[in-house]
There are 2 protein chains.
Amino acid sequence: MNTIIPIPHSHPSVALSQRVSLDNEDQSHRNALRFDQNEHLFFQGDVPRGVYEILSGTVILYKVMADGRRQIQSFASAGDFLAMTFADRHDISAEALTEVEALFVPRAAFDRRLQEQAGFRRSVFTLISKMLQDAHEQALLLGRKCAMERTASFLIFLKERFHEPSTGFTTIQMSRSDIADYLGLTLETVSRMMNKLKRSNVIDLPQPNTFRILNMHRLLALAGEVEDADSLAA
Amino acid sequence: MNTIIPIPHSHPSVALSQRVSLDNEDQSHRNALRFDQNEHLFFQGDVPRGVYEILSGTVILYKVMADGRRQIQSFASAGDFLAMTFADRHDISAEALTEVEALFVPRAAFDRRLQEQAGFRRSVFTLISKMLQDAHEQALLLGRKCAMERTASFLIFLKERFHEPSTGFTTIQMSRSDIADYLGLTLETVSRMMNKLKRSNVIDLPQPNTFRILNMHRLLALAGEVEDADSLAA
DNA sequence: CGGGGCGTTGAATTAATTCAAGGCTCGTGG
DNA sequence: CCACGAGCCTTGAATTAATTCAACGCCCCG
């Protein structure tokens, strides 16, 4: 999962061979699909055929450049719709970070629901509004925040999204390399920032993929969300 | 226009006092509005009341952090819809870069058109798809491209959007500071990159705000759009 | 003529990357 | 059962891309 994707734009044959689950499309529309970890739901460059509604698991959406540099756009999980595009090609790839269950809704059926169900249309619009706002927030992070601010912001995001009340901890589902490609940093920098937060007792990080926020106020300040001066960002 | 905005979230009273044009809202719905250069259509934090359809001019959409750092999200011009959000607050501010004419459509009227006109709904969805794709492209630029690649990408974007066939040149409507806040760089770096492109005859830059692409192939390579090795990026 | 706003350029500084080495964990096979 | 290797993660040192700080030039307007 952590290696550079060698094929920026999948050739149709390649894409098909890797997406065995999509064979189900033809058997029955609005089908439940299963994707293994690291399997792709679709590739940048593919022709969109319908919308995926995630039922369980986590998907990463990303873009790659010709030389392999990767930018992860977002993480999608239960309740999210993917590929709600009217473009003739997917501009991003979608890869299962964990095992994923999804509902596939062909474009025509999706269109019909938009037409006929006002409530559905409203919730889709709300979802898209949220996606755009997230994209704005991400642009601010990538364009204007330093490494520590990005990392702190990310940990807050993770907690809001993946916190497990039972243990009080949050599991980091993705590798340092994935985090780096989401935050526009290198994996070494991500590691350094996280361990710096650990050493300064802002977070508890018993394992590389499990953490707990010890000082939320401080973390918010470090994330640049509060008008607080020099905490320990430098 | 180039100074840091001192008020990240406008207080309602402040926002109203600056948006005199909005007084028209109550006189007649679906009203044509005029905004002077540097006037705001709305502020980050305002309650959205409807959608703006740009008829002429250019608008910048941006976010500011508590300490004044600014990230410009996008430029909107004729045909674009702004504030198509279902959130209860604007997450970004919209400022007229030039004199702007816009149509204001109250949210209820916009909803109705969405419900009743399939063609309108489709074109709105297509527009939103495009906005999301642009946001993805921007995230890739901000997260993974170096200063020269960002600058080259921006010049190509400007040309596609603002090229004037009559003169063969493209006018740069915004300041170096605006460009920097769009590209996640400093204004000095933007200036350096542009003049480097000028010195190497990739572009013609007779005035700071007017340019013409002399070597598109080279510029595309520098933008990271082509699998080309070391052009002169460094 | 003077001054403000923008843009350019150089020099010093710094934040983040790159390169390199080593450590931990887990699964597999001897 | 332990050894070994692969895959991640961490950490340090050197390097570099971009920023910061500073000065200056240009152009337009009062």
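Any value given below was found using the heavy atoms of this structure, including those in side chains, with hydrogens, waters and symmetry copies removed. A note on names: the letters A, B, ... follow the listed sequences, proteins ahead of strands, and every chain is numbered from 1.
- Taking 4.0 angstrom as the limit, A:Asn195 places a side-chain polar atom (N or O) nearer than this to OP1 or OP2 of D:dT11.
- Candidate nucleotides D:dT10, C:dT8, C:dA16 were compared by shortest atom distance to the side chain of B:Leu187, and C:dT8 ranks first.
- For C:dC6, neither phosphate oxygen OP1 nor OP2 lies less than 4.0 angstrom from any side-chain nitrogen or oxygen of B:Ser175.
- Scanning atom types as modelled, one donor and one acceptor separated by under 3.5 angstrom connect the side chain of B:Glu188 and the base of D:dC21.
- Taking atom CG on A:Leu142 and atom C1' on D:dA18, their separation rounds to 16 Å, with Å as the unit.
- The pair A:Arg144-A:Glu149 does not count as a salt bridge, with every side-chain nitrogen at least 4.0 angstrom from each carboxylate oxygen.
- Rounded to whole Å, the distance from CG on B:Asp178 to P on C:dG7 is 9 Å.
- To the nearest angstrom, P of D:dC8 lies 13 Å from CD1 of A:Ile179.
- Separating the CD1 atom of A:Ile172 from the C1' atom of D:dC9 is a distance of 12 Å, rounded to the nearest angstrom.
- Using a cut-off of 4.0 Å between Lys/Arg side-chain N and Asp/Glu carboxylate O, B:Lys159 and B:Glu164 are scored as not salt-bridged.
- Rounded to an integer number of Å, the gap from A:Lys198 NZ to D:dT11 P is 8 Å.
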message: Please convert DNA chain D into dot-bracket. A pair counts if it is Watson-Crick or G-U wobble with both distances under 3.5 Å; crossing pairs go in [ ] and bases paired with another strand get |.
response: ||||||||||||||||||||||||||||||
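- Checked against the 6.0 Å centroid criterion, the rings of B:Phe211 and B:Phe169 do not qualify as a close aromatic pair.
- Checked against C:dT17, C:dT8, D:dA18, the side chain of A:Leu185 finds its nearest nucleotide in C:dT17.
- Straight-line distance from the CD atom of B:Glu149 to the C1' atom of D:dA17: 12 Å, rounded to whole Å.
- With sequence neighbours left out, B:Ser129 forms a side chain to side chain contact (heavy atoms under 4.5 Å, CB included) with A:Thr85, A:Phe86.
- Annotation: A:Tyr182 is in aromatic contact with A:Phe154 [ring centroid separation under 6.0 Å].
- What separates NZ of A:Lys196 from P of D:dT11 is a distance of 13 Å, to the nearest Å.
- Across the protein-nucleic acid pair, B:Gln207 atom CD and C:dT8 atom P stand 12 Å apart, rounded to whole Å.
- With hydrogens and angles ignored, a donor-acceptor pair closer than 3.5 Å exists between the side chain of B:Arg192 and the base of C:dG10.
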task: Decide yes or no on side chain to side chain contact (heavy atoms under 4.5 Å, CB included) for B:Tyr62 and B:Val64, but give the supporting numbers first.
output: CA-CA 7 Å; B:Tyr62 68 89; B:Val64 282; 3.8 Å; yes
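- Electrostatic pairing of A:Glu39 and A:Arg34 does not count as a salt bridge here, judged by no charged N lying under 4.0 Å from a carboxylate O.
- Listed nucleotides C:dT8, D:dT10, D:dA18 differ in distance to A:Pro208; the shortest reach to its side chain belongs to D:dT10.
- Nearest to the side-chain atoms of B:Thr186 among the listed nucleotides D:dT10, D:dT20, C:dG7 stands D:dT20.
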